[in-house]
Amino acid sequence: MTDINQRLQKLKAEGKTVIGCFPLYPPLELFFAMDLVPVVLWGLRGEVGSTLQSDKHLQSYTCSVARHLTEFVLTKGLDLLDGVFMYNACDTLRNLPEILETGLSQGNARLPLIKIHIPMVRPDQTDASGYFKNEIRRLIRALEAEFNVSFSGDKFVDAAEKINRVRQLMALAEQKVAEGSLSFLSFCQIIHECGFSSIDEQTRILESLVAQQTDPPLSGNGQRPGVILSGILPPPASVINDMESAGLRVVGNDIASLGRTYAGAPAVIEDPEAYLLDFYHHHYPCPTLLYTGDRRAALLMEMAQKTRARGVIFVGEKFCEYEYFEFPYLKKRLNQMGVKTLELEISVEEDAHTAGHRSRIEAFAEMLATTS
Amino acid sequence: MAAFEKTESGKRLSRYMADAYLNLHTRAQQGAFVVWIAINVPAELFLGFDNVVYGVPESHAAMNAGKGLGVVQCEKAERLGYSMDLCSYARIDIGCVADGGKDSPSFGLPRPDLLVSNNNNCSLLVKWFDVHHREMGVPHFIIDVPFCYEPQQQKDRAYIVSQFKDLIKTIETMSGQRFDMDKARQAVAHTSEGVAHWKRFLGFAKNRPSGITAFDSFVQMAPFLIARGTESFAAHYRLLADETGQRVAEGRFPVPSEKYRLFWDNIAPWHQLRDMSAGLEALGANIVGATYTSCIGSIEGSFDIYPYDGGDPLEFCARTQNCYICPHGLGLRSRAMRQAVESLQIDGIVFASNRSCKPYSITQLDQQRLMQDAFGVPAVMVEVDHADARKYSREATFTRIEALLEAIDARRAA
C-alpha cells in the first residue's frame, strides 16, 4: 500500500500542510477550514512493514494500532507530516504524545504536537459544553500560532458541507457492498485512501465510485448470508478474502474507521464550537467515546434488524480493552435476538493465524447457511 | 526472617480490614446507600452524607489476589467470555460478581445503588463499570479527569469540581440524603492527617538500612483504599509511623544485611509479595520505595506531601486527582522518580512491566532510558501481572533481578 505514502508525498509537493491525527474522530472540518489537511493515523499496518522503531518504546502487549502509528511517525513523520494532533482516547494512546516526542528527539527532530481534551462525561450527567468549547478555541489558537493559518466561519461552513458530502458518499458506497456490486475489500481500501487525501480529492474518488459499477454483482448475492462486521479496524485483506470466499456478504459495518466515522453528520452552522459539540455529543457510538456506551448495543441490534444480517463478526484487535470489554454483552444481546456471532482476534502477527481464521470463518458461514 | 515478623500495626491492619468489610456489608443490609467507586474517586465526599457507604472493586480484587484467589476469580470471568488480556482486577471483579461473591474473603461487595468510575487511572475502568451497569441495571456516573502532560491546569480543575458537584446532586437525588460540606471538609482533614503519617512512615526508607520495605507499604495501603476520611484512618497511620520509628530507633530493620537499595515502578504483584520479599532479602536486596505508594498524598510530578489547608474540599480533591502515576505523563513521572532515586539513595530500579496495567507500563521503556541517562542507575524490566499469577514467572523475574544486582556491583567496582 505504498499508495498512502505517495498520496502524502503528493500533498506535500502541492505545498499542503499535513497534520497526522489520532485517534479516530478529530474535528476534520476545522482543519480543512484552516487550509490544513488532516490525515487520521489509523490502520497503518500496510504503510510501515515492521515495528522496529516502535518496539523500542512500546511493549509487545500494546495494540497494533499504536505500534504502527508510532512506527509511522518515527520513521516517516518528519518527511510526510507537518504536525500531529491528538485528543484523549484510550490508556495507550494518551501516552503516545510524549513517547513520540521522546523518540523523535533521539534524532534531534521535532514535530509540532497539539493536544485537546474531549469531555467524556455523559451529557445528561454533566454539562461540559463550556469546557468543550474552550478546548476548541484553544485548538484554533494553537493551529493559528503553529502553522500561520487563520480561521474563518465561511470556510468552516464550506468544509463542513464538503465533509458531510463525503460521509454521505461513503454510506452510499457501503450500500454497494451490501448489494454485491462492490467488494468489501475494495471498499475498505478506497475509504482508507480517502483518509489520506484532500477533501476535494475524496469527493472526486467517492463520486466516481458510487456512479459506476465497480465490481460485477456476484451471482446469487441475495442468497449469500449477510453479516455485519464490528471492531476498531476492518479485518486484514486475507481475512476479508476468506469471508467473501466462504460466501459471506457484508451488509453493514460497525467498524470504527469505517461506519462509525461516516454514520452521522451534524447540521452545518458557522459556529465551530456549537457544530463540533453536536458532532461529538451525537456521534455514532464507539467504545473510545466513553459516554456513548449505552447506545451501542441498541444501534447494533437495530442495524442487524434493518440489514437482516444473520451474523455479526467481531473483529477483535488484540489488546484493545475497549472493544473486548463489550464483546460478551453484545454477543449475548445479539444471540438473544437470534443473530449468530463469531469473534476473531487480529494481532500484529496477523499472517500467523490465517489458516485458523479461515477454518472458523468457513464453519461460521456454513452455520449461517444452514440455520436460515 | 525479620521481614515476616508481625508488627502491631500489621496485626491492627488485619482486624481493620475485616471490620471494614463487615461494616460495609452490615450497613448496606441496614439500608445505607451503596456506591462502588474507582480507587481514586474522592471517597471523602461520601462522608458528607449521613448514610452512604462505598466499596472499591479494585481493592477487593487486590485482596483476592493477595489471598491466592486471583486465578480462581479470573477464570470465572474468562468462562463468561472476557478475554484473558483484560486487566486482572477487572476479571477478578467481574468473575466474583457473576458468582455472587463466592470464594471472596469478604463474600464480595454489597450490591451497589450507584457506580462511580473515572478515567484518570485508566479509561478501561469506565468500560469495566459499564459491564456492571448493564448486567445489574445500576446507574453509572463517569468522572472525566483530563490527563496531565504538565501540572494540572485551572480549567481542568474547574471541570473536575463541576463533576463532583453533579455527583453530589446525583447522590442526593437518589438517596434522599442531604450533603453536608462541613462533614466532607472534616473527612478531607482526616485523610490529610493520615497521609502525613503515611509519608512519615515512607520516610523511614531513607534510613540505612531502610526501616521499611516496599512490600510493607503495599500491604499497608489498604486503609487508604477503603477507609479514607475517617478518624480511624488517621489513627492507623499514626500507629504505623510511630511503630516503625520505634523499630528504627531500636535498630530493628526488615533487611538488616541490606546491600542493595532498589526502587519499584508499578502496581504490586499481590500474589507474590511474600515470596518476592523473601527472595530479595536472601540476596541482600531491599526494595525500599515504589512509585505506587509514594504518589499517595501528592500531586503530579512530585512525591512530596500536598497538604490540605482547610479550604474548599472539592477544590482540594480535584487538585489531587492526577497524583497517581497513571493520570500523568512521562515527563512528570520522571521528575518525581528522579527525586526519589536521589533522596532514597537508590542503587537500582525495577520496572515491572505489567500486562494488566497498560497505563502504568506503556511509558516504562522510555523512562528506563531516561533514568539511566540521568543517573547512570542500573535498571531492569521484569514481566508481571498484578493479580493473575498465571502471567508471572519467578525464574525469569529473579534472573533479571540478579542481573541488576550484578550490574550494581560492577558499577560500584568501576
Side-chain angles (χ1 to χ4, degrees), chain A residues 55-63 66 88-99 101-103 106 113 115-122 125-128 130-132 134-135 138 287-288 290-291 293-294 297 316 318-329 331-333 343 345, chain B residues 77 80-83 85-87 90 94 117 119 121-128 130-131 133-135 139-147 149 155-156 158-159 162-163 165-167 170 326-327 329-333 353-355 357-367 369-370 381 383:
Chain A
D55 290 349
K56 295 175 185 171
H57 303 272
L58 296 172
Q59 286 96 329
S60 59
Y61 52 82
T62 311
C63 72
N88 49 304
C90 71
D91 300 321
T92 298
L93 294 185
R94 72 185 187 182
N95 281 301
L96 283 198
E98 286 177 301
I99 288 171
E101 280 174 334
T102 304
Q106 285 166 356
L113 215 156
K115 309 177 278 279
I116 66 167
H117 184 84
I118 303 290
M120 290 292 159
V121 291
R122 297 180 199 277
Q125 166 202 303
T126 294
D127 178 8
Y131 180 88
F132 174 82
N134 183 53
E135 289 296 282
R138 280 200 323 114
T288 63
L290 299 176
Y291 52 89
D294 279 354
K318 192 164 176 65
F319 303 122
C320 177
E321 291 104 335
Y322 271 31
E323 290 279 337
Y324 276 93
F325 263 112
E326 300 201 340
F327 287 165
Y329 178 73
K331 288 198 294 196
K332 186 169 84 175
R333 294 293 301 275
E343 186 179 321
E345 184 165 85
Chain B
L80 293 171
Y82 291 93
S83 166
D85 289 330
L86 294 173
C87 164
I94 291 168
S117 72
N119 59 353
N121 260 0
C122 61
S123 307
L124 74 81
L125 213 139
V126 177
K127 313 307 292 180
W128 161 6
D130 261 349
V131 171
H133 165 58
R134 292 181 191 122
E135 296 294 343
H140 179 191
F141 191 101
I142 302 168
I143 298 176
D144 177 34
V145 176
F147 188 80
Y149 298 96
K155 70 177 176 68
D156 295 333
Y159 172 50
S162 75
Q163 296 176 68
K165 288 178 178 170
D166 288 332
L167 174 60
T170 300
C326 298
L330 177 62
L332 291 163
R333 291 182 195 193
S353 181
N354 182 352
R355 284 178 172 264
C357 191
K358 291 189 184 68
Y360 215 131
S361 308
I362 287 295
T363 58
Q364 284 180 316
L365 287 166
D366 282 305
Q367 196 167 0
R369 271 190 293 273
L370 287 170
M381 189 80 70
E383 294 271 342

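Bear in mind that the values here come from a model prediction, so they are computed numbers and not experimental data. Letters go in sequence order (proteins before strands), and every chain restarts at 1.
- Your options are A:C90, A:P97, A:A66, A:S60, and the one with the most heavy-atom pairs under 4.5 Å with chain B is A:P97.
- If you take CG on B:D366 and CD1 on A:I99, they are separated by 5.5 Å, rounding to the nearest 0.5 Å.
- Judged by the 6.0 Å distance and 45° axis criteria, A:K115 is positioned over the aromatic ring of B:Y149.
- Taking CZ of A:R94 as the reference point, atom NZ of B:K358 lies at 12.5 Å (rounded to 0.5 Å).
- Ring geometry for A:F325 versus B:Y82: interplanar angle of 30 to 60°, hence tilted.
- For the atom pair A:Y131 OH and B:S162 OG, the distance stands at 10.0 Å (nearest 0.5 Å).
- In this structure, B:L124 CG and A:L290 CG are separated by 10.0 Å, a value rounded to the nearest 0.5 Å.
- In this structure a side-chain-to-backbone donor-acceptor pair under 3.5 Å is missing from A:Q59 to B:S353.
- The residue among B:N354, B:V145, B:L370, B:V131 with the most heavy atom pairs within less than 4.5 Å of chain A is B:N354.
- Neither the backbone nor the side chain of B:Q367 comes within less than 4.5 Å of any heavy atom in chain A.
- Going from atom CG of A:N95 over to atom CZ of B:R333 covers 5.0 Å, rounded to the nearest 0.5 Å.
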Item checked: Full working for side chain to side chain contact (heavy atoms under 4.5 Å, CB included) between B:D144 and A:H117 -> CA-CA 10 Å; B:D144 177 34; A:H117 184 84; 2.8 Å; yes
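- A distance of 7.5 Å separates CG in B:N119 from CG in A:N88, rounded to the nearest 0.5 Å.
- With chain B as partner, the option from A:E135, A:E345, A:M120 having the largest number of non-hydrogen pairs under 4.5 angstrom is A:M120.
- No other option in B:R355, B:Q364, B:Q163, B:M381 has as many heavy-atom pairs under 4.5 Å with chain A as B:R355.
- Between the side chains of B:Y159 and A:T126, no donor N or O sits under 3.5 Å from an acceptor N or O.
- When atom types are taken as modelled, the side chain of A:D91 and the backbone of B:S123 share a donor-acceptor pair closer than 3.5 angstrom.
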Check: Do A:E321 and B:C87 pass the side chain to side chain contact (heavy atoms under 4.5 Å, CB included) test, and can you show the C-alpha distance, the side-chain angles, and the key distance before you say yes or no?
Finding: CA-CA 8 Å; A:E321 291 104 335; B:C87 164; over 6 Å; no
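- Put simply, of B:V126, B:L167, B:L80, the one with the most heavy-atom pairs under 4.5 Å next to chain A is B:V126.
- Note: B:D85 leads B:D85, B:T170, B:T363 in heavy-atom pairs under 4.5 Å with chain A.
- Contact annotation for A:L96: neither backbone nor side-chain heavy atoms come within less than 4.5 Å of a heavy atom of chain B.
- At a threshold of 4.0 Å, the pair A:R138-B:D156 does not count as salt-bridged, since none of the basic side-chain nitrogens sits closer than that to a carboxylate oxygen.
- For chain B, the option among A:P287, A:A128, A:A89 with the highest count of heavy-atom pairs below 4.5 Å is A:P287.
- Contact of B:C357 with chain A is not made at all, since no heavy-atom distance falls under 4.5 Å.
- The residue among A:E101, A:K318, A:K331 with the most heavy atom pairs within less than 4.5 Å of chain B is A:K318.
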Next item on the list: Show your reasoning for whether side chain to side chain contact (heavy atoms under 4.5 Å, CB included) applies to B:K127 and A:E326.
Entry: CA-CA 8 Å; B:K127 313 307 292 180; A:E326 300 201 340; 2.8 Å; yes
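- Atom NZ of B:K155 has more than 12 neighbouring heavy atoms from other residues, nucleotides or ligands inside a 6.0 Å radius.
- Inter-residue side-chain proximity for B:R369 and A:H57 is flagged as met; some heavy-atom pair is nearer than 4.5 Å.
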Note to self: A:F327 vs B:S83, test: side chain to side chain contact (heavy atoms under 4.5 Å, CB included). Steps then yes/no.
What the structure shows: CA-CA 9 Å; A:F327 287 165; B:S83 166; over 6 Å; no
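- Classification of A:K332 and B:E135 as a salt-bridged pair holds, one side-chain N sitting under 4.0 Å from a carboxylate O.
- Looking at A:R122, its side chain does come within 3.5 Å of a backbone N or O of B:H140 through a donor-acceptor pair.
- When side chains are defined from C-beta on, A:T62 counts as touching B:I362, because their heavy atoms get closer than 4.5 Å.
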